[in-house]
Amino acid sequence: MNDSQYPTSEAARHALPSNLIHELRTPLNHIIGYSEMLMEQAQERGQDEFVPDLRKTHTAGRQLLALINVSFHPIRPSRMPAPIAATSDEHPTPIESTFPEPTAVGDLASGAKKGFLLVVDDVEANRDVLSRRLERQGYTVATAENGPQALARLRAETFDLVLLDIMMPEMDGYEVLQRLKADEALRHIPVIMISALSEMDSVVHCVEMGAEDYLPKPFNPTLLKARIGACLEKKRARDRETKLFAQLQDNFRRLQELEQSRDDLTHMIIHDLRTPLNAMMMGMHAVETMGDLNEDQQEMMKISQRGGKTLVDIINDLLDISKMESGSLQLKRQDIPVTGLIDTALEQVAILVNSRNLTLATELDPNLPHLVADEAILIRTLVNLLGNALKFTPEGGAVTVSVRLDDDGHSLQFSIRDTGEGIPPEAFERIFEKFGQVESRKGGRTVSTGLGLTFCKLAVEAHGGHIGVASAPGQGSTFSFTIPLRADGEHEQGTLAQGMGAATKQPFNGASPEAE
């Protein structure tokens, strides 16, 4: 039979009910499928004398199936989607020219990946041919003879893939696919539709409904192996992603629980520390006022008091930061003159300036407007930044405080500039991070916890501003922050956690060896 014997246009093909064409194809598919498997078995067993006759049977079946496919077109039910339009020169291709000759079974079985597959077809011989083919390729196979039975098995067992015939009575492949994809527990199972080549429009419709792929009848062994293997590999990849995502969620939940436990423990410890420390500080102050202390004893007492005050400040920082992160510490906004704010902060660091022969200068515009903010919080922010600058500036150095109206005209920019040792680039990632210790390049010195800078970041961002640093080793550092003149709608409520989120757990783009 050659191409000239086939009809050359749709008009030349005869219309038959689709179920009748299905009935004509089915026994031919059986002949083709069984003859393929018999040829493979004959090759396996060395019975080569049977192969030529089996190949003739196989070829005759394919030729007859090709004749049916190109001579008749189905009358489709109204529920079927319209066929895909063909070009005017399109010409049906005989099936015998579409598929290659059967391949030796050894080539098919090698490297076949395991999987549990469900074959759904109302014709027993169809199920048998396909099941035996899949089992020879290394898969475990179960079958269902109709849609309800298939859905029941899918709910009762765990399958890796479904091979679903379109043409079935009672519940056809469309309805089975629709119900499967609507079920949250089953929708992840890939489905390969089984159809004749002339039903390509139906296949497209099934793919749009969620089918993974399709297989044409009769089954070509190489194509069967390739498409099932590809679908299973995609499913395994999705399963790995789902499992990994679940593990990540579980790890994140556990991390949150551990962080909460750590914070609760920290909060408990610092509360327990503050009471005896305050008692110790009061006792030292009382001893100092009693008199009868010589000069050395008075000096030792002052050193002890300074150390105790440092511990109290650290504990207060921890408590306040904890309140900020939980949103329980409220801003107390009021109208503040900027000059008075700076003067108060300078008074609190005066002892550092005098004891180390440092120069402390200010650059203030006398016409700076007032701002509405929490005065105590901003003074503490300035004191923290000034204290860092003074502590890490060598004797004879200078620290300058400047305030100016920001370019937007709605904010004030505060800057603290020092002539200290500067900040190495490798330290930038941990600036303002709670408990983030960094090392100075000079002498490998490890500095303190960084709670002061954490406080500054929380306080500034709670006001709706931004804080940052500019520095280079040997060139000093400049810490700058902006504060809006008035609270906008976002910050009107004013908790110290607003605008910050989990800021203390997110590295800032920069770090400082001067982190107090």
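Since the structure is predicted, the reported quantities are computational estimates derived from the model, not experimental observations. The residues of the chain are indexed from 1 along the displayed sequence.
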Pair E233 + R240, salt bridge at N-O below 4.0 Å: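 Yes.
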
NZ/NE/NH1/NH2 to OD/OE distance under 4.0 Å, E375 and R380: no

Point-to-point distance, once rounded to the nearest 0.5 Å, from OG of S471 to CG of D418: 7.5 Å

From Q256 atom CD to S261 atom OG, the distance as rounded to the nearest 0.5 Å: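 Q256 CD to S261 OG: 11.5 Å, rounded to 0.5 Å.
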
Full working for side-chain contact (heavy atoms from CB on, under 4.5 Å) between V191 and E212: CA-CA 5 Å; V191 179; E212 195 76 26; 5.7 Å; no

With a sphere of 6.0 Å drawn around [atom1] of [X], does it hold more than 12 non-hydrogen atoms of other residues, nucleotides or ligands?
| X | atom1 | value |
| --- | --- | --- |
| I351 | CD1 | no |
| E184 | CD | no |
| M300 | CE | yes |
| R254 | CZ | no |

Pair K302-E295, salt bridge (Lys or Arg N to Asp or Glu O under 4.0 Å): steps then yes or no: CA-CA 11 Å; K302 290 179 181 178; E295 187 175 333; over 6 Å; no

Hey, are the side chains of [X] and [Y] touching, using non-hydrogen atoms and a 4.5 Å cut-off?
| X | Y | result |
| --- | --- | --- |
| M168 | V176 | yes |
| P484 | H410 | no |
| V141 | E135 | yes |
| D183 | R155 | yes |
| H205 | M193 | no |

With a 3.5 Å distance limit and no angle check, can you tell me whether [X] reaches the backbone of [Y] through a side-chain donor-acceptor pair?
| X | Y | value |
| --- | --- | --- |
| N388 | K391 | no |
| D160 | F116 | yes |
| D374 | K332 | yes |

Residues L163, I228; criterion side-chain contact (heavy atoms from CB on, under 4.5 Å); working and verdict: CA-CA 9 Å; L163 293 106; I228 290 179; 3.9 Å; yes

L164 and I194: CA distance, side-chain angles, deciding distance, side-chain contact (heavy atoms from CB on, under 4.5 Å) verdict: CA-CA 6 Å; L164 178 61; I194 300 172; over 6 Å; no

Sequence neighbours excluded - salt bridge (charged side-chain N to carboxylate O under 4.0 Å, His left out) pairs with any residue from residues 337-347: none

Derivation of the side-chain contact (heavy atoms from CB on, under 4.5 Å) call for S480 and I467: CA-CA 6 Å; S480 301; I467 189 168; over 6 Å; no

F481 ring center near H466 ring center (under 6.0 Å):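 Ring centroids of F481 and H466 are no less than 6.0 Å from each other.
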
Verdict with supporting geometry, R253 and D250, salt bridge (Lys or Arg N to Asp or Glu O under 4.0 Å): CA-CA 5 Å; R253 177 188 57 78; D250 184 60; 2.5 Å; yes

Within 45° cone and under 6.0 Å: R153 NZ/CZ vs F159 ring: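 R153 over F159 ring: no.
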
Cation-aromatic face contact R227/Y214, 6.0 Å, 45 degrees: yes

Residue among L341, D406, T482, L371 satisfying side chain to side chain contact (heavy atoms under 4.5 Å, CB included) with L412: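 With L412 as partner, side chain to side chain contact (heavy atoms under 4.5 Å, CB included) holds for just one option, L371.
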
